[in-house]
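Counting starts at 1 for both ligands and their atoms, in listed order.
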Amino acid sequence: MARVSRAPHIHKFGGASLADASGVRRAVKIVLAHRPAPQVVVVSAMGGVTDALLEAARRATRGETSQVRAAAETLRTQHAKAARALVSRGGRLDELLHHIDAAVDELKPLGGGLGLLRELTPRTVDYLVARGERLSALVFAAALEAAGCEVAYVDATDVIQTDDTFGNASPDLRRTERAARRVLQPLLARGAVPVVPGFLGATPDGQVATLGRGGSDLTATLLARVLGAREISLWKDVPGLLTADPRIVPDARVVPQVHVREAAELAYYGAKVLHPRALIPVLKRPVAIRIRPFADPSSLGTEISRRRTLEQYPVKALSAIPGQALLTVTGSGMLGVPGIAARTFAAVHHEEISVSLISQASSEHSICFSVPEESAKRARKSLEETFEREIARQEIDGVEVRTGLATLVVVGLGMAGTPGIAARVFSALAEAGINVIATAQGSSELNLSLVVEGRDAARAQRAVHAAFQLSKIGGGAVAQPERTDVVLLGFGQIGRALAPMIAKVKRKGLTLRIVGLIDRSGVVFDARGLSPRRLATLAAAKARRTPLAKAPGGRRTSAGDAVTFIARHALANPILVDLTAADTTETLKGALAAGMHVVLANKRPVAADRRVYDELLAAAHARGRRVLLEATVGAGLPIIDTYQKLVESGDRVLKIEGCPSGTLGYLFGEMGRGAPFSAALRGAIAKGYPEPDPRDDLSGMDVARKALILGRLLGFSGELGDIVVESLVPDGAERLPLDAFVGSLERFDAAWAKRVAAARARRGVLRYRAIVTRRRVRVGLVVVDASSPMASLNGTDNQFIFTTVRYKKNPLVITGPGAGPAVTAGGILNDVLKLAGA
Ligand code: ADP
Ligand code: ASP
Ligand code: MG
């Protein structure tokens with residue numbers, strides 16, 4: 001007896017899942033895995049069978065007898081092949097093949113009969129298509145039995161009781177409940193697994209009627225309701241209920257849990273994944289329905305239940321119903337006249353046409369509503385009859401019909417009380433150039449419906465899906481235009497100087513947050529933003545050389561994977577700031593492709609091959625993102641900004657000349673004052689001026705990269721290798737390990753002291769200079785006159801001298817500190833603020 005009281009788990013296998021023998025075998029395995037718990041199995045027709053049967057029926061009415069025969073043979077082969085693969089001879093194979101033959105043979109003479117009548121009633125269609133589900137249930141039951149499970153094929157007409165609306169019958173709950181108790185309970189009590197064809201039921205006078213396309217879902221939920229089941233698994237060819245139809249919105253994402261009212265709304269408004277009325281029987285029952293991926297039975301897919309979760313993400317999913325018509329009743333005589341709306345809908349109801357969207361302007365000049373296109377004519381006729389007198393008296397102008405439309409619905413329980421949803425939907429559609437013809441929002445605010453031209457429907461869904469970032473984790477909230485989310489790639493000295501600066505930015509209408517930190521070891525990420533305290537703790541740990549992967553909340557991963565992981569989340573105006581000195585090109589391309597802006601302090605990606613540079617800019621252009629790189633030249637000095645302002649104001653820059661290395665500037669300044677080379681360089685390292693390997697500065701390569709970046713602004717088409725660079729790395733020191741090199745700097749002191757003295761003898765000082773024009777870029781050591789501006793540079797000062805068409809005789813000079821974490825971070829912050837719209 002214990003078993004009787006245990007509610008069964010209802011499994012429904014969709015047609016796409018049961019396409020062939022291997023699909024049936026996989027489904028059988030799923031059922032076996034749930035044994036010995038009580039289960040009921042509902043099956044759809046094998047993939048494509050319902051469509052094939054409907055097509056055969058249509059052809060029969062056209063008298064195309066041979067095509068009907070051919071279709072019948074195809075069906076026989078499909079089922080017999082599966083049967084032979086699943087059931088061994090000696091077993092029930094012969095019986096099964098006999099059933100298949102009988103069901104298929106019955107089709108052939110129909111060709112003649114329907115051809116004569118040239119008519120296809122919904123009753124006949126139902127009778128014909130019912131064999132799809134029946135055959136697949138027979139095959140399934142035999143396969144399950146062959147696998148050693150006690151089964152019972154139960155015909156749907158013995159359990160599911162309906163009204164007599166052939167083609168779209170409605171279930172009768174009370175009679176179905178009685179039948180289910182009588183037929184199914186004893187089987188379950190015995191430990192057998194009932195296998196029931198979905199989609200079908202019996203009318204009050206015992207004829208077979210179908211529940212409408214996709215009706216097997218409804219069979220499953222009905223059985224769950226009448227048997228008191230707590231669990232329904234709908235096995236489908238998708239990973240779950242998605243944020244949109246994946247055939248229209250390719251980046252649609254699985255929603256882990258939805259409220260049953262949300263799912264019902266989506267189903268009703270066209271989401272093909274569920275029969276429109278499938279959830280009605282279980283709306284108020286404590287049943288967990290799961291849409292589960294047949295391809296991955298271990299995954300839980302989507303839970304549809306009465307839990308309310310994820311409410312901070314008001315928009316859950318969208319769908320659309322194509323083939324809609326909009327009817328509008330207008331007229332000045334409607335103003336304030338009671339009962340017009342009631343009569344309008346009574347007229348439509350009389351024709352049994354279902355209305356999906358209603359909108360009435362408060363001026364009451366018009367009522368407009370949408371109906372399926374094929375019912376539009378009937379609806380119009382009925383309305384014209386109802387309002388015959390008003391039309392004659394010109395109180396009502398008439399009934400306007402507009403066809404070829406689609407209704408787009410945006411669904412989510414959390415939309416109630418969240419301002420800005422409608423505005424975001426409308427602005428997304430406006431940005432995509434899509435006209436909204438009518439709109440309605442239910443008072444429950446569970447659903448926002450919009451009527452658009454049918455041809456715009458797919459684009460409209462993609463635009464709204466993107467606007468709410470539904471493809472992202474945490475998507476579905478109203479976009480926050482005032483927020484900017486920053487990810488730091490590299491958390492060295494500059495990063496640690498930048499983080500508190502970003503945290504301190506306080507401006508009206510602007511929220512800057514750091515959401516992620518990435519280093520060589522891994523990532524720390526929080527979509528809600530890392531608090532200043534957390535950032536400070538992480539910075540302190542990092543300064544003690546603890547890699548991020550080992551910090552609290554850190555995970556080990558490559559930079560590229562970290563960016564991919566972060567990009568899966570719904571972020572606002574995301575910016576990746578590259579603070580490394582590494583070749584990060586691929587990571588940056590990934591970030592741009594995922595819709596992030598990029599701010600660079602790292603010169604390498606933009607001072608690499610021209611092709612790499614172009615690809616980076618193309619990736620940014622393709623997604624409408626920007627790459628800003630002010631901090632790559634002159635740290636925080638406005639060099640690229642000045643160049644751009646000159647160009648924007650109509651000037652032409654002919655030459656940029658300067659000392660763009662704070663490290664070398666500092667070095668020559670110190671040596672000019674008499675310091676030995678070794679002491680000057682160690683001092684620079686202690687202050688954090690040079691690149692991680694100071695030979696990058698001494699070799700002139702760092703200056704050459706900056707010069708190349710400036711050259712590319714001016715139109716220089718060469719590569720780094722085309723630049724003449726004079727290296728200051730002493731002979732033999734190029735290959736030393738970094739520590740050995742830094743440890744033996746004294747060796748070079750005497751030679752440098754000599755060069756400094758020689759320059760002084762000529763009343764000059766040593767400077768490392770770049771000269772950049774469109775044609776040529778040169779980088780090297782020069783002696784400049786002690787009275788020239790360059791000679792006056794102090795500390796880490798950089799200097800840039802712009803010769804332009806306007807500033808020709810007296811060039812434009814920018815001088816200031818050009819190295820060090822604080823000024824560099826300041827330059828980066830400026831770029832970030834630019835992108836944040838500040
Ligand atoms: P079954 O095999 O159970 O009959 P259906 O074919 O009726 O399953 O439903 C699954 C199909 O629904 C998917 O293949 C997908 O193309 C479509 N679909 C439309 N909207 C959605 C959505 N929001 N989520 C998942 N699938 C959807
Ligand atoms: N076989 C039917 C259809 O294709 C019912 C179902 O699959 O649920 O619509
Ligand atoms: Mg279906």
Side-chain angles (χ1 to χ4, degrees), residues 10-19 23 26-27 41-55 75 125-126 128-137 156 160 167-169 196-201 208-222 232-256 258 262-278 289-295 301-302 304 315-322 408-412 457-458 461 464-465 470-471:
I10 315 283
H11 293 276
K12 178 244 156 171
F13 296 100
S17 311
L18 303 178
R26 183 190 279 264
V41 174
V42 175
V43 296
S44 295
M46 292 179 84
V49 168
T50 307
D51 287 331
L53 285 165
L54 288 171
E55 181 60 19
L75 287 177
V125 173
D126 280 0
L128 275 173
V129 294
R131 70 201 60 218
E133 264 62 20
R134 284 175 163 157
L135 281 178
S136 102
I160 307 291
N168 198 16
V196 186
F199 187 40
L200 320 173
V208 60
T210 63
L211 303 168
R213 292 307 303 264
S216 306
D217 294 330
L218 180 52
T219 308
T221 53
L222 263 174
I232 308 172
S233 293
L234 303 173
W235 296 92
K236 301 204 177 237
D237 66 343
V238 268
L241 180 94
L242 307 177
T243 47
D245 186 337
R247 292 164 300 184
I248 292 165
V249 184
D251 61 352
R253 206 171 69 85
V254 176
V255 187
V258 287
E262 294 171 324
E265 200 84 356
L266 286 165
Y268 183 73
Y269 285 102
K272 198 220 156 203
V273 65
L274 276 174
H275 179 279
R277 287 173 285 129
I289 303 145
R290 288 192 172 278
I291 297 187
R292 301 184 65 174
F294 188 62
T302 298
I304 303 172
V315 174
K316 287 285 173 52
L318 9 136
S319 67
I321 336 177
L408 172 71
V409 287
V410 183
V411 171
Q461 288 175 76
V464 175
H465 198 266
L470 287 175
S471 61

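Here the protein heavy atom with the shortest distance to atom 4 (O) of ligand 2 is Arg213 NH2, 2.9 Å. Considering only non-hydrogen protein atoms, atom 6 (C) of ligand 2 sits nearest to Ser216 OG, 3.3 Å.
With no hydrogens or angles considered, no side-chain donor-acceptor pair links Ser471 and His465 at under 3.5 Å.
Residue contacts with ligand 2: His275 is excluded, as none of its non-hydrogen atoms falls under 4.0 Å. At least one heavy atom of Gly215 sits closer than 4.0 Å to an atom of ligand 2.
Within 4.0 Å of ligand 1, heavy atoms belong to protein residues Lys12, Gly14, Gly15, Ala16, Lys236, Asp237, Val238, Gly240, Leu241, Leu242, Ala244, Asp245, Pro246, Arg247, Lys272, Val273.
In summary, the atoms of ligand 2 found under 4.0 Å from a heavy atom of Ser44, numbered by their order in the structure, are 6 (C), 7 (O), 8 (O). Atoms of ligand 2 lying under 4.0 Å from any heavy atom of Gly214, numbered from 1 in the order shown and given with element: 3 (C), 5 (C), 6 (C), 8 (O), 9 (O).
Not counting sequence neighbours, the partners of Thr210 by the side-chain contact (heavy atoms from CB on, under 4.5 Å) test are Asp126, Val129, Phe199, Leu200. Under the rule for a salt bridge (Lys or Arg N to Asp or Glu O under 4.0 Å), the partners of Asp245 that lie at least two apart in sequence or sit in another chain are Arg247. The salt bridge (Lys or Arg N to Asp or Glu O under 4.0 Å) search around Arg277 returns none, not counting sequence neighbours.
Leu318 has its side chain out of reach of Val409: every pair of non-hydrogen atoms, C-beta onward, lies at least 4.5 Å apart. A 4.5 Å side-chain heavy-atom check between Lys12 and Trp235 finds every atom pair outside the cut-off. Here the side chains of Ser44 and Glu133 are in contact, with some heavy-atom distance below 4.5 Å. Looking at heavy atoms from C-beta onward, Thr302 lies out of side-chain contact with Arg292 at the 4.5 angstrom threshold.
Relative ring orientation between Phe294 and Phe13 is described as perpendicular, the plane-to-plane angle rising above 60° on a 0-90° scale split at 30° and 60°.
By the 3.5 Å distance cut-off applied to N or O atoms, Thr50 is counted among the residues near ligand 2.
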